[in-house]
Amino acid sequence: MKAQKLITQFATLMLISGLVFVGCKKDNPVDAALSSAVYDDAAYSISGAVGDQSGGAMESFGDLLTIQSQGSINQTTPLVDGGFEKTTADSGSYNPATGWWTVSISKSRSNMRVTASVTRTYQFRFWKNDSVHQAFYVVSGDTAKKMEFKVVNGTGYFKNPHVVHHLTQVQGAWLASNINKDTVTISLQENYIRKGIDSVTTLRATRIFDHTLTLTSVNVTTLRFKPAIRTFAAWRDNLVNSITGTIKGHISATATIIKGENDNVKSIEKDFEVTVGSGTGSISINGNKYSCDMMYGDR
């Protein structure tokens with residue numbers, strides 16, 4: 001009887017273990033697929049947030065350097081892969097007591113890869129040295145040494161082959177140092193915060209990705225525009241190719257699967273880092289690496 005009882009207990013234990021094993025075997029691949037999809041979405045959103053033609057941080061860097069070199073941002077620029085980018089701006093207002101300029105701009109662009117529209121309100125200030133500001137980049141032959149640049153607010157939309165993005169909030173502040181030299185260094189003065197809702201479509205599914213992305217550290221360098229070397233249009237169109245450095249941040253997001261897979265919701269809170277160089281970026285998040293195109297804000 002004792003032996004039979006032990007056999008019965010052992011069989012019961014094996015049955016329970018088998019059920020647990022089967023349950024784990026069934027659930028884990030699904031959860032892994034959902035996690036993979038969410039981090040894929042995060043990489044797409046990070047790409048858009050740091051890209052140029054997607055209205056990301058690189059575009060702000062371009063606007064900063066355009067104002068510095070051109071004194072105005074009103075222009076129509078041909079794009080390297082076809083199409084044009086049209087930028088219009090108001091005349092701006094200047095506060096001589098504080099040295100701050102305020103300007104509002106709007107942009108539209110369309111080419112083979114990206115359709116986008118952007119509005120921004122910027123503030124910027126030139127510094128003669130560490131304690132004295134000046135109204136313009138060059139005043140009486142004296143070139144400013146650095147420039148503060150704020151993104152006060154803005155709206156935006158872009159569409160590329162994988163993402164339809166609607167921007168709901170953007171703000172932040174940069175510091176451009178050594179603007180009197182060939183190589184300009186750009187860093188953060190205030191966190192760059194970007195909120196948006198992305199519709200991400202892949203071969204497997206369509207997901208809605210509602211996210212807040214915060215850049216907490218930026219350390220990049222780029223060549224400034226020099227008229228003697230190339231035209232402004234060529235310089236601006238290839239700006240992302242000369243930017244190198246690192247960008248760090250945090251993404252908070254909720255992904256909702258709406259097509260192609262079982263309806264589900266997944267949330268993430270993760271830090272990330274983007275290494276930038278030669279027009280491309282490498283995104284590191286949750287131990288995964290993704291490449292991104294800094295020109296188009298795509299992967």
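Index from 1, following the sequence. Computed over heavy atoms, backbone and side chain alike; hydrogens, waters and symmetry mates excluded. What you are looking at is a predicted structure, and each value in this text was computed from that prediction instead of being measured.
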Candidate pair Val103 and Tyr122, rule side-chain contact (heavy atoms from CB on, under 4.5 Å), full reasoning: CA-CA 5 Å; Val103 61; Tyr122 290 137; 3.9 Å; yes

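- Under a 4.0 Å N-O distance rule, the pair Asp130/Lys146 qualifies as a salt bridge.
- Shown here for Ser45 and Ile251, the closest heavy-atom pair between the two residues is CB-CD1, 4.5 Å.
- What you find for Ala42 and Ile268 is that their closest heavy atoms are CB-CD1, 3.9 Å.
- Both Leu167 and Phe61 are part of a single hydrophobic cluster, where members link through side-chain heavy atoms under 4.5 Å apart.
- Between Ile283 and Ile46, the closest side-chain pair of non-hydrogen atoms falls below 4.5 Å.
- Here the CE atom belonging to Met295 is positioned 6.0 Å from the CG atom belonging to Asp52, to the nearest 0.5 angstrom.
- The CZ atom of Phe225 lies 5.5 Å from the CD atom of Gln70; values are rounded to the nearest 0.5 Å.
- In terms of heavy atoms, Ser54 sits closest to Phe158 at O-CD2, 3.2 Å.
- A donor-acceptor contact shorter than 3.5 Å links the side chain of Asn238 to the backbone of Ala234.
- Using modelled atom types, no side-chain atom of Arg194 and backbone atom of Thr214 make a donor-acceptor pair closer than 3.5 Å.
- When each of Val151, Asn153, Asp90, Ile105 is tested with Thr121 by the rule side chain to side chain contact (heavy atoms under 4.5 Å, CB included), just one qualifies, namely Asn153.
- Annotation: cation-pi pair Arg299/Tyr290 absent, no NZ/CZ under 6.0 Å from the ring centroid and within 45° of its normal.
- Looking at every heavy atom in both residues, Val200 comes nearest to Tyr44 through CG1-CD1, 3.7 Å.
- Looking at every heavy atom in both residues, Val114 comes nearest to Gln53 through CG1-O, 3.6 Å.
- Of the inter-residue distances, the one linking Gln68 atom CD with Thr143 atom OG1 reads 9.5 Å to the nearest 0.5 angstrom.
- Cation-pi check for Lys145 over Trp127 is not met; the charged atom does not lie both under 6.0 angstrom from the ring centroid and within 45 degrees of its normal.
- Distance CG/Leu65 to OG1/Thr222: 6.5 Å, rounded to 0.5 Å.
- Between Phe136 and Phe126, the ring centre distance reaches or exceeds 6.0 Å.
- One distance of note links CH2 of Trp174 with CD1 of Ile186; it measures 8.5 Å at 0.5 Å rounding.
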Please tabulate, for side-chain N and O atoms in residues 271-281, each donor-acceptor pair with protein atoms closer than 3.5 Å (sequence neighbours left out).
{"from": "Asp271", "atom 1": "OD1", "to": "His250", "atom 2": "ND1", "distance (Å)": "2.7"}
{"from": "Thr280", "atom 1": "OG1", "to": "Gly277", "atom 2": "O", "distance (Å)": "3.1"}

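- Using cut-offs of 30° and 60° on the angle between ring planes, the pair Phe124 and Trp101 is parallel.
- Within the 4.5 Å cutoff, the side chain of Glu190 has no heavy atoms near those of the Gln171 side chain.
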Test log, rule side-chain contact (heavy atoms from CB on, under 4.5 Å), inputs Tyr39 and Ile285: CA-CA 8 Å; Tyr39 289 114; Ile285 181 171; 4.1 Å; yes

Criterion side-chain contact (heavy atoms from CB on, under 4.5 Å) on Leu223 and Thr183, from CA distance to verdict: CA-CA 5 Å; Leu223 299 177; Thr183 301; 3.9 Å; yes

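- In the hydrophobic cluster analysis, where Ile, Leu, Val, Met, Phe, Trp and Tyr join through side-chain heavy atoms closer than 4.5 angstrom, Val152 is grouped apart from Met147.
- Counting only heavy atoms from C-beta outward, the side chains of Lys248 and Leu215 never approach each other to under 4.5 Å.
- Counted by atom type alone, Ser284 and Lys289 present one or more donor-acceptor pairs between their side chains at under 3.5 Å.
- Side-chain contact check for Thr212 versus Ile193: some heavy-atom pair is nearer than 4.5 Å.
- Remark: the backbone N or O of Lys181 is paired with a side-chain donor or acceptor of Arg224 at under 3.5 angstrom.
- No single ILVMFWY cluster, assembled from side-chain heavy atoms under 4.5 Å apart, contains both Val118 and Val163.
- Taking OG1 from Thr87 and CD1 from Ile73, the interatomic distance works out to 6.0 Å, rounded to the nearest 0.5 Å.
- Counted by atom type alone, Ser117 and Ser108 present zero donor-acceptor pairs between their side chains at under 3.5 Å.
- Under the 3.5 Å distance criterion, with hydrogens and angles disregarded, a donor-acceptor pair is assigned to the side chains of Thr155 and Thr119.
- Hydrophobic clustering (ILVMFWY, side-chain heavy atoms < 4.5 Å, transitive): Leu175 and Val170 are in distinct clusters.
- Annotation: side chain of Phe209 is not in contact with side chain of Ser199 (no heavy-atom distance under 4.5 Å).
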Pair Ile243-Val220, side-chain contact (heavy atoms from CB on, under 4.5 Å): steps then yes or no: CA-CA 6 Å; Ile243 295 177; Val220 299; 3.9 Å; yes

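- The two residues Asp198 and His211 have their closest heavy-atom pair at OD2-CE1, 3.3 Å.
- Partner of His162 under the side chain to side chain donor-acceptor pair (under 3.5 Å) criterion, chosen from Asp41, Thr201, Asp298: Asp298.
- Side-chain contact between Phe149 and Arg125 is absent, with no heavy-atom pair separated by less than 4.5 Å.
- In this structure a side-chain-to-backbone donor-acceptor pair under 3.5 Å is present from Gln134 to Tyr137.
- A heavy-atom distance below 4.5 Å is found between the side chains of Met294 and Val50.
- Linking ILVMFWY side-chain heavy atoms closer than 4.5 Å, directly or via other members, places Val132 and Val138 in two distinct hydrophobic clusters.
- A side-chain N or O of Asn129 and one of Ser131 form a donor-acceptor pair less than 3.5 Å apart.
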